[in-house]
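See below for the structure under consideration.
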Amino acid sequence: MPSAIPRGHLLMAGLCCLVFGIMAEDAQVAQVPSQHMPCHKVPRSLAHFAHSMYRVLTQPSNTSNIFFSPVSIATALAMVSLGAKGDTHTQILRGLEFNLTEIAEADIHDGFQNLLHTLNRPHSEHQLTTGNGLFLDQNLKLKEKFLEDVKTLYHAEAFPTNFSNPKEAEKQINAYVEKGTQGKIVDLVKDLGADTVLALVNYIFFRGKWEKPFDVERTTQEDFHVDANTTVKVPMMKQLGMFKAFYCSTIQSWVLLLDYEGNVTALFLLPDEGKMQHLEETLTPDLVFKFACKTERMSADVHLPKLSISGTYDLKEVLGHLGITSVFSGAADLSGITEDMPLKISKGLHKALVTIDEKGTEAAGATELEVIVTSLPPRLSFNKPFLFLIMDHSTETPLFVGKVMDPTKK
């Protein structure tokens, strides 16, 4: 009877919350060109948005872990764009990497609708769910078209909320997020302003199992070299086998693809010594797509750290670097959401977390039997800073993006 061995397990959750407050000014309305764009192009724009977001997040400090969900942030912003006009509208869609001279807005929202529908399909192999919540002040009347569109295109749920009692409103929103992320993201929304009348929340949750499990009995404490002067001890998972792995001279990095049961793949990028900056400067969305399509396998001894990291970001600051500024200011034009009062986004929050470990079970010996080593295989040891992406194969969508500088930092 085969014994049970632990199996690779990835648990991730992302949350994006946009809080709307009252403001005094309006902005002029401008028309956005409308031309055809196939809906399947939306994931490509999301890949470029993820790339731009990463470049912004890595600027302040190259010593911090990074982790975020581009899908979560983009979905929330796309919903806001349904009610935005003029420069506010244009900035949001441009910031999401949509070319407004080539893309029909209807195709953008249809693309998100198709994407969310695909991601939320039930899977026996893994769990992947997204959700959108619209928390409305009891006295705020939304435009029917906006409310209908966010429900139809983004499957959003609307909840009447008493923002005159901020603590109760925070409790209601946080309970929704905690339930959607299965308890992984709690108490994110705090200190709601007295002028809050609307909160828009998006979450994404993924739990997957490696196709080829790691044996927990092989996990041992090893050194992880944070930098030239700092070394920490981490539990290192190990597996000897045939992997989709290769060296890319363009980015001067090793590339490792680990598949999950279902349509999800983790792509790990290990730069040569001192080449992290080169990797970040040369890696492009097109290269990522090419890597994700690789099928060739090689024998390797993979060492990958168990880790649990998170990222929490002020979107007002981050998105400002991508040209999305109007919606957070007195120049915001969100008159497509409501005409009761002028609105702006007073707070934008994003939090994502990831845990990679060996939870789950698999028959003993399943991964060892496929390898016949005739010579010593190369060791791919992720014992220094590396990048990783989690991608959905069926839609070619980057679900999560991360940079591990120190796996011991939460």
Side-chain angles (χ1 to χ4, degrees), residues 15-29 72-89 91-93 105 109 112-113 116 130-180 187-203 314-316 319 324-350:
L15 180 278
C16 183
C17 179
L18 302 179
V19 177
F20 295 77
I22 305 168
M23 56 108 182
E25 298 88 353
D26 277 318
Q28 293 182 340
V29 178
S72 179
I73 299 170
T75 300
L77 288 171
M79 282 193 286
V80 173
S81 76
L82 286 168
K85 297 182 179 181
D87 289 341
T88 305
H89 178 271
Q91 284 183 5
I92 292 173
L93 295 184
E105 184 177 1
H109 297 300
F112 273 101
Q113 181 185 33
L116 295 175
T130 69
N132 297 303
L134 209 59
F135 296 84
L136 315 169
D137 186 89
Q138 295 166 327
N139 299 315
L140 180 68
K141 181 175 176 57
L142 296 188
K143 282 193 170 181
E144 285 299 324
K145 177 169 175 47
F146 175 78
L147 192 55
E148 179 182 342
D149 285 346
V150 293
K151 287 182 177 180
T152 302
L153 298 171
Y154 292 87
H155 316 293
E157 300 176 89
F159 304 98
T161 304
N162 182 13
F163 283 105
S164 63
N165 186 333
K167 292 300 179 184
E168 282 302 311
E170 291 169 10
K171 184 177 178 180
Q172 180 186 7
I173 296 170
N174 286 329
Y176 170 81
V177 172
E178 184 173 351
K179 180 180 179 181
D187 297 331
L188 177 67
V189 181
K190 300 176 182 178
D191 303 321
L192 285 176
D195 60 351
T196 300
V197 291
L198 173 66
L200 191 155
V201 175
N202 168 273
Y203 68 80
D314 177 352
L315 293 181
K316 180 177 180 180
L319 295 174
I324 303 176
T325 57
S326 176
V327 72
F328 294 100
S329 73
D333 186 348
L334 298 174
S335 54
I337 295 179
T338 181
E339 290 181 342
D340 286 358
M341 59 191 73
L343 299 176
K344 70 173 181 178
I345 297 179
S346 56
K347 184 181 296 186
L349 305 171
H350 177 65

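As the structure is a computational prediction, the values presented were derived from the model and not from experiment.
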Looking at every heavy atom in both [X] and [Y], which two are closest together, and how far apart are they?
X    : Y    : answer
S335 : K85  : OG-CD, 3.5 Å
S326 : A331 : OG-O, 3.4 Å
A169 : F163 : CB-CD2, 3.8 Å

At what distance, to the nearest 0.5 angstrom, does [atom1] of [X] lie from [atom2] of [Y]?
X    : Y    : atom1 : atom2 : value
I173 : D187 : CD1   : CG    : 12.0 Å
L82  : L334 : CG    : CG    : 11.5 Å
I324 : T88  : CD1   : OG1   : 11.0 Å
I337 : L136 : CD1   : CG    : 10.0 Å
T196 : E170 : OG1   : CD    : 9.0 Å
D333 : H89  : CG    : NE2   : 10.5 Å

Do the side chain of K347 and the main chain of D191 share a donor and acceptor less than 3.5 angstrom apart?
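Checking the backbone N and O of D191 against the side chain of K347, a donor-acceptor pair under 3.5 Å is found.
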Counting only N and O atoms by type, is there a donor-acceptor contact under 3.5 Å from the side chain of T130 to the main-chain atoms of Y203?
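Side chain of T130 to backbone of Y203, a donor-acceptor pair under 3.5 Å: no, none is there.
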Close side-chain approach of [X] and [Y], heavy atoms under 4.5 Å:
X    : Y    : answer
V201 : N132 : no
S329 : K344 : no
K316 : I345 : no
Q91  : V327 : no

Identify, with sequence neighbours excluded, every residue that meets side chain to side chain donor-acceptor pair (under 3.5 Å) alongside [X].
X    : value
T338 : none
Q172 : T161
N162 : S164
K143 : E339

Apply side-chain contact (heavy atoms from CB on, under 4.5 Å) to residues L198 and L140 and explain how you reach the verdict.
CA-CA 8 Å; L198 173 66; L140 180 68; 4.2 Å; yes
Indicate every side-chain donor-acceptor pair of residues 146-160 with a distance under 3.5 Å to a residue at least two apart or in another chain.
from : atom 1 : to   : atom 2 : distance (Å)
D149 : OD2    : K145 : NZ     : 3.0
T152 : OG1    : E148 : O      : 2.9
Y154 : OH     : H109 : ND1    : 2.7

F135 and Y176 aromatic centres sub-6.0 Å
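Between Y176 and F135, which both carry aromatic rings, the centre distance is below 6.0 Å.
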Under the side chain to side chain contact (heavy atoms under 4.5 Å, CB included) rule, collect the residues that match up with K141, sequence neighbours excluded.
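Per chain and number, K141 pairs via side chain to side chain contact (heavy atoms under 4.5 Å, CB included) with E144, D340.
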